[in-house]
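Atoms considered below: every heavy atom in the structure, side chains included; atoms not considered: hydrogens, waters and symmetry mates. One-based numbering along the sequence shown.
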Amino acid sequence: MEDVLIEEQKLLSPKPVDNFSFSFFKLPCILLFIGLSYSSVFSQADSSLTQNIQSIDYGFKKLANTITFFCNGLMNLNTSIGDFNISQQYSGTGIRVITTAFRDDQFLVIRYNKELIPTLKAIAKHSWLLSSDSRSIELNKLERNTTMGGIEYTPIKQWTTSVLTGFERNNQLGIIANALAFEGSSILQPIKIDEYLLYGGIRSEYLQLDTNRINSDVNVDIVSERDFFNGNLARFFTRYRRLQRDFFTPVGSGFQDLIVETRVENRFSLGTDLQIQLGDFLSSQFQISVDQAAIPRGFRSSIALVPQTSIIRTLDELQFSTQGSLLYNKNNYRQSFWMQFVSRKEENQVSVAFPLLPFEETELRRSEFNRDNSTSRLRVGTDITSKIFSDDTLQISSSIGILRYDTPSEINRDDRDEQTIIGNVLYSKKINDVTAIQYYFSGQSTHLVYLKKERSSLNNVNSILKLGTNFLVNTAKFSTVTSLELLANYTVYDFEIPEQIRSFSFRQILFRDSTILALSPKYYFEARAYIRYFERGRLYWETFSELPELQSLETFFRVLFFASVSKECKLGIGSRFYSMQQKNLLQRNAISSDISQTVPGPEVDIRYTFSENSFISLFGWYEFQRSSGILTRELPNVTLLSRISF
């Protein structure tokens with residue numbers, strides 16, 4: 001028992017910080033060194049080396065206690081000994097609260113091919129996939145190192161088939177397996193057969209991890225289309241996907257007794273897309289698709305006292321969707337009418353795989369049955385764009401949608417209907433060659449009704465109204481975008497108890513401005529402003545009155561002065577200021593819950609361009625955080641973005 005507790009404590013212990021240090025600092029350096037080394041070696045081996053798209057992007061952002069970072073690279077090298085392609089993608093996140101947690105996602109692919117004869121190539125490929133989160137206690141850690149080799153056959157220009165085989169080192173839940181791997185594909189580029197254009201492909205992957213675990217993928221896509229005449233087009237597609245995953249799971253046991261769970265997904269899709277020209281100014285489009293899926297999930301062995309390990313759960317899903325539109329387009333007027341309908345049905349079944357007590361089987365079947373549901377959604381709408389005058393444009397869009405969610409179980413209380421109405425109006429006017437103005441209005445109403453009395457107290461209507469204007473000026477030395485917006489949000493519940501009124505209102509006024517002023521070819525100012533006032537209150541719908549509860553004022557200003565130090569380098573120096581003032585209007589005589597925060601600080605922005613596609617940008621600011629006038633914390637924030645192109 002003590003050994004088991006020791007092992008569990010190891011799994012629950014946070015990972016050392018060294019993992020982050022390697023990911024954040026060493027990994028990009030190693031990748032950069034590899035790229036430069038490859039360039040050097042191949043340049044010496046082949047003086048006529050051609051380099052296509054080749055670059056490394058690296059950067060990070062530190063904001064308060066969170067650091068996000070990335071390292072992406074792409075390199076194509078054509079040499080006398082073969083062609084190399086290197087693709088690198090890495091993203092990571094570090095969060096520091098009491099302890100530090102890290103999330104790493106890494107994917108590297110190195111591919112080599114050598115032409116043996118005009119229709120045959122030799123291929124070698126190595127890939128490294130890593131997904132790790134220190135907060136997941138190793139449950140979500142996955143690492144795959146795969147090395148494969150094979151051939152690629154191209155009998156005709158439009159058809160390519162490849163077959164590869166090799167080995168993979170797989171690490172899941174801390175269990176390492178050396179797997180046998182296969183990969184194959186057959187891709188058909190668009191080819192004309194009679195009057196039809198045919199294209200698609202088959203992609204498959206097979207991984208034999210051990211005697212108990214097999215991972216496999218099969219994806220088939222077939223598309224055919226025919227262009228009749230004058231824009232009349234018919235397209236038909238068929239898709240099939242089979243995905244199998246065998247994975248260890250700690251369900252019902254300690255980490256020392258992991259069992260294998262299998263999930264198989266079989267999905268088949270069929271659809272068509274028709275485009276019909278009805279006249280010189282009238283056209284239509286019609287789409288329809290059917291998607292059917294069967295997804296069984298079960299365990300390879302059962303565990304005593306854990307009934308769910310003795311059954312196979314199967315999800316059967318059927319989805320039908322259709323969309324049609326009618327478009328009228330003449331001169332300066334364009335209008336479309338459209339309709340969408342989506343229906344989805346989900347059924348959950350249970351089959352017994354290992355001995356099970358009758359009452360346990362009954363309970364499991366009831367539990368799965370409670371998850372059955374069917375959903376249908378219907379939406380209709382219209383979109384209008386009209387050029388009233390040569391410099392004036394009016395855009396109007398509106399739609400209404402109805403959703404119905406039903407469950408056959410009497411225990412499931414989620415049955416509901418939902419109605420959504422949306423309307424938008426945008427009027428744009430060009431005053432002159434450098435000045436324009438826009439006015440917009442939008443409204444949305446959503447009515448949610450639960451059909452069973454146990455949840456009917458949650459029935460409500462949510463209404464959102466928005467009115468605003470944008471003013472734009474763009475000259476050689478001065479440009480600005482200024483916005484002013486009013487917003488009102490009302491949520492009204494159907495059933496309310498006077499002492500516990502839940503209906504509420506939210507109202508907001510927002511001002512935004514972004515301005516650039518050039519003093520000379522080498523010097524310019526950049527300024528931004530953001531002011532938002534909003535309040536929340538209790539809403540009495542019958543009298544359309546409210547009792548304000550909370551009011552807030554949020555402001556942000558940023559001013560930078562930029563100077564071109566040289567042709568390649570720009571330096572910006574300035575400051576920023578952020579403020580949040582919040583008052584609780586219902587607790588003035590109690591302990592104050594008001595918030596008064598100010599965050600001033602200097603800011604620096606440095607941009608250096610090495611070449612047309614190579615640059616480095618470093619900007620950041622230092623915060624002096626004050627609460628009620630008292631300095632509480634000083635905090636640096638910095639962002640680095642860089643690209644090196646070869």
K477 NZ: over 12 foreign heavy atoms closer than 6.0 Å: no
N489 CG to I464 CD1 distance, which is reported to the nearest 0.5 Å: 4.5 Å
Would you say the side-chain atoms of N72 and D57 include a donor-acceptor pair closer than 3.5 Å? no
Any Lys/Arg nitrogen of R413 or D415 sitting under 4.0 Å from an Asp/Glu carboxylate oxygen of the other? no
Between S596 and Q581, do the side chains contain a donor N or O and an acceptor N or O under 3.5 Å apart? yes
Sequence neighbours left out, what passes side chain to side chain contact (heavy atoms under 4.5 Å, CB included) with A527? Give chain and number order. V559
Determine whether the side chains of T407 and S409 contain a donor N or O and an acceptor N or O closer than 3.5 Å. no
Looking only at side chains, do Y450 and D417 share a donor and an acceptor under 3.5 Å apart? no
K466 atom NZ, neighbour heavy-atom count above 12 within 6.0 Å: no
Exactly one of T382, D383, T385 should register a side chain to side chain donor-acceptor pair (under 3.5 Å) with Q335. Which one does? T382
Is K345 atom NZ crowded by more than 12 heavy atoms from other residues, nucleotides or ligands, each under 6.0 Å away? no
Which value, rounded to the nearest 0.5 Å, describes the distance between I95 atom CD1 and N65 atom CG? 9.5 Å
Under 3.5 Å side-chain donor-acceptor pair for Q508 and R532: yes
Measuring only between side-chain heavy atoms, which start at C-beta, is N637 closer than 4.5 Å to L635? yes
Tell me, yes or no, whether the heavy-atom count around E454 atom CD, taken from other residues, nucleotides or ligands under 6.0 Å, exceeds 12. yes
N373 side chain vs R371 backbone, donor-acceptor pair below 3.5 Å: yes
Check this for me, if you would: do D391 and K430 make a salt bridge, where the nitrogen-to-carboxylate-oxygen distance has to be below 4.0 angstrom? no
Please tell me whether Q438 and T469 have a donor and an acceptor in their side chains that are separated by less than 3.5 angstrom. no
Less than 6.0 angstrom from the centroid, inside 45 degrees of the normal: does R538 satisfy that with respect to the ring of Y540? no
From L326, L274, D273, residue fulfilling side-chain contact (heavy atoms from CB on, under 4.5 Å) relative to Q285: D273
Can you measure from CG (N331) to CZ (F281) and round to the nearest 0.5 angstrom? 6.5 Å
Decide whether T480 and D513 meet the rule of one side-chain donor and one side-chain acceptor closer than 3.5 Å. yes
Is R267 salt-bridged to E265, going by a charged N under 4.0 Å from an acidic O? yes
Looking only at side chains, do E485 and Y440 share a donor and an acceptor under 3.5 Å apart? yes
With a cut-off of 6.0 Å (strictly less than), are more than 12 heavy atoms of other residues, nucleotides or ligands near NZ of K522? no
Less than 6.0 Å separating the ring centroids of F506 and F534? yes
State whether the number of non-hydrogen atoms from other residues, nucleotides or ligands found under 6.0 Å of F624 atom CZ is greater than 12. yes
Would you say the ring centers of F441 and Y439 fall short of 6.0 Å from each other? no
Honestly, is K570 close enough over F562, meaning NZ or CZ under 6.0 Å from the six-membered ring centre and within 45° of the axis? no
Quick one about S325 and S336 (side-chain donor to acceptor, distance below 3.5 Å, no hydrogens or angles considered), yes or no? no
Enter the distance from F619:CZ to K61:NZ here, rounded to the nearest 0.5 Å. 6.5 Å
Between CZ on residue F320 and OG on residue S376, distance to nearest 0.5 Å: 12.0 Å
Looking only at side-chain N and O atoms, does Y533 offer a donor or acceptor that is under 3.5 Å from a partner on Q551? yes
Salt bridge R377-E418, side-chain N to carboxylate O under 4.0 Å: no
So, T491 and N462: side-chain donor and acceptor under 3.5 Å apart, yes or no? yes
Face-on cation placement of R536 at F504 ring, 6.0 Å and 45° thresholds: yes
Just checking, is any N or O donor in the side chain of Q444 or S442 under 3.5 Å from an acceptor N or O on the other one? no
Test item: side-chain donor near acceptor, E549 and N584, under 3.5 Å: no
Show the nearest heavy-atom pair for residues G572 and L560, with the distance to one decimal. C-CD2, 4.4 Å
Just wondering, are more than 12 heavy atoms of other shown residues or ligands nearer than 6.0 Å to CG in N432? yes
Quick one: does T322's side chain have a donor or acceptor within less than 3.5 Å of a partner on Q287's backbone? yes
Taking atom types as modelled and ignoring hydrogens, do the side chains of E554 and Y578 form a donor-acceptor contact shorter than 3.5 angstrom? yes
Regarding W621 and E623, do their side chains bring together a donor and an acceptor under 3.5 Å, going by distance alone? yes
R344 with E317: basic N within carboxylate O range, under 4.0 Å: yes
Stepwise ring-ring contact (aromatic ring centres under 6.0 Å, His included) test for F495 and Y493: CA-CA 6 Å; F495 305 99; Y493 284 86; 10.0 Å; no
Any chance you could measure R576, atom CZ, to R558, atom CZ, to the nearest 0.5 Å? 6.0 Å
